[in-house]
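Remarks on the structure that follows.
Residue indices begin at 1 and follow the sequence shown. Heavy atoms only: backbone and side chains are in, while hydrogens, waters and symmetry mates are out.
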Amino acid sequence: MTAPRVRFAPSPTGYLHVGGARTALFNWLFARHTGGTFILRIEDTDRERSTDAHTRVILDGLGWLGVDWDEGPFFQGEYGARHRADAERLLAEGKAYRCFCTREELDAQRAGSEAAGGAFRYDRRCHRLAAPEVAARLERGTPFTIRFLLEDSEIAWEDAVHGRISFQGRDLDDFVILRSDGTAIYNLAVVSDDIAMRISHVIRGDDHISNTPKQIALYRALGHEPPIFAHVPMILGTDGKKLSKRHGATAVGDYQDEGILPAAMRNFLALLGWSPGGDREILGELELVRLFTLEGIQKKPAVFDTTKLEWMNGQYLSALPAAELVPAVARELERMGIPAAERDLASVVDAVKSRSRTLLEVAERVAVRLDPSRARLDGKGEALIRKLGPAFSANLTRAADALEKLPGDSWTPDPILDTLKQVAETHALKLGDAMQPVRVALTGSTVSEPVNELLSVIDRAAALARLREVARRSATA
């Protein structure tokens, strides 16, 4: 059996949407699972909207996700001569015909159909033109398109996801395959390219199902059996509506900028409409490749849940060695105006990564530990201050006084913990009442790594200055 050949064929008229990225990933996983070939084809025939910048963004997005291609990128616009030759061949074989109707005539036909309460379907008036009339119009240089002549018979296929799907040819339109300027319409271009590239499986969104009967008819008219089609489910927002900008970021690059790790994004996208079976959710690249099959693709729409993505990203952050995160965190710190080149970031990153959901959160927490004055109170921190009242400031001062007696070479977790325990014992405090004000003063929250570890990664002088400053402010508030 010949190894499968699949393709991802984005249009460079916009950014790499998460739906397109999921389609690319499914094709890539299928190719890698089966030992097949993954082809990248840029469908740039929309000359007005296609840009090199969008092409670059698509390539960069795929590269960030780790979706590499075996052939390409090919550019559809380079194959115009083959597209025209296929259209002219269909015309010569009587499987297509010239249409001389103007835009105004077609608009009038469409308006008539709407007035009659029916869907527009071209009435084939140009197919009925006598040969002499066609010759006369060509002689006069009358512009024309080429329409494909659809048979009235059933067009059906066994979809790898949805099972048997069928359309009746009589319900479809004799669609245009070649514009009057000699450029191919999408349905012809994609079939011509898929035949030339020997594509065996077409894995794409189920919004393309309506195109499939037209493309199957073209495959057969050109003398080729259609590939296997697998139409994957749509991606919806958490409100059950089609994913759009109202749900937040939809471009892959946005999630990269927001601190999502490529491995986490790949894992998350793979589970949008595909199941490996069981309750497995955290799947590395090798597992995804090993487990992926078309049979695992689900029919029902998938839900893009940003909260779930951030949770998954947090799992990856927790599992990664801190050293691997340091370069990305350092870049974020530099953007925030915090010099990081000479700092030992690994220990700080290690302290905060397990409580962070994104790389940006890691960087923000590291920034607070490098410069405690950047701390901002959250709801939990404010609640603790209200609960303790005057004791909040008093306990902070007690902690600062005791910690200040620690020499610089003892600014490590164990001596710091012993010191705070002694504060609690000396002043008959619960250990939490001695430690939590310190945590809130340094981070703005009641949640962090253990307080002694938190203090140990912050510069001693900066930590003491911060404790005294917050104690002073809270005492006068």
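- Note on residues 84-138: pairs passing ring-ring contact (aromatic ring centres under 6.0 Å, His included), not counting sequence neighbours, are Y97-H127, F100-F144.
- A salt bridge links D194 with R41: the closest approach of a Lys/Arg side-chain nitrogen to an acidic carboxylate oxygen falls below 4.0 angstrom.
- Checking T37 against D70 by side-chain atom types alone, no donor-acceptor pair falls below 3.5 Å.
- Here D193 pairs with R82 in a salt bridge; the nearest charged N to carboxylate O distance falls below 4.0 Å.
- The distance from the CG atom of N27 to the CZ atom of R7 is 7.5 Å, given to the nearest 0.5 Å.
- Within 6.0 Å of the CG atom in D239, the count of heavy atoms belonging to other residues, nucleotides or ligands exceeds 12.
- Between F30 and F292, the ring planes lie perpendicular to each other; the angle is over 60°, past the 30° to 60° tilted range.
- Pairs passing the ring-ring contact (aromatic ring centres under 6.0 Å, His included) check and including a residue from residues 49-68, sequence neighbours excluded, read Y15-H54.
- R369 CZ to S347 OG: the interatomic distance, rounded to the nearest 0.5 Å, is 11.0 Å.
- Shown here for L90 and A221, the closest heavy-atom pair between the two residues is CD2-CB, 3.7 Å.
- Note on E154 versus R164: salt bridge recorded, some NZ/NE/NH1/NH2 to OD/OE distance being below 4.0 Å.
- Salt bridge annotation for E332-R335: present, with a cationic side-chain nitrogen under 4.0 angstrom from a carboxylate oxygen.
- Pairs engaging residues 278-290 under the side chain to side chain donor-acceptor pair (under 3.5 Å) rule: E281-K308 [sequence neighbours left out].
- Considering CG of D86 and CG of L178, their distance stands at 10.0 Å, rounded to 0.5 Å.
- By the 4.0 Å N-to-carboxylate-O rule, R32 lies close enough to D68 to be salt-bridged with it.
- For R103, the CZ atom sits in a loose shell: 12 or fewer heavy atoms of surrounding residues, nucleotides or ligands are nearer than 6.0 Å.
- The 12-atom threshold is exceeded at CD of E158, counting heavy atoms of other residues, nucleotides or ligands nearer than 6.0 Å.
- Under 4.0 Å is where a charged nitrogen must lie from a carboxylate oxygen, and between R220 and E151 no such pair does.
- With respect to the salt-bridge test (charged N to carboxylate O, under 4.0 angstrom), the residues E88 and R84 do not qualify.
- The two atoms that bring V368 and L442 nearest to each other are CG1-O, 3.0 Å, heavy atoms only.
- Residues V190 and Q76 come closest through the heavy atom pair N-NE2, 3.9 Å.
- Salt-bridge formation is detected for the pair E133/R137: a Lys NZ or Arg NE/NH1/NH2 atom is positioned less than 4.0 Å from an Asp or Glu carboxylate oxygen.
- Inter-residue side-chain proximity for H231 and D159 is flagged as met; some heavy-atom pair is nearer than 4.5 Å.
- Distance CG/L150 to CZ/R121: 8.0 Å, rounded to 0.5 Å.
- The aromatic ring centroids of F268 and F304 lie less than 6.0 Å from each other.
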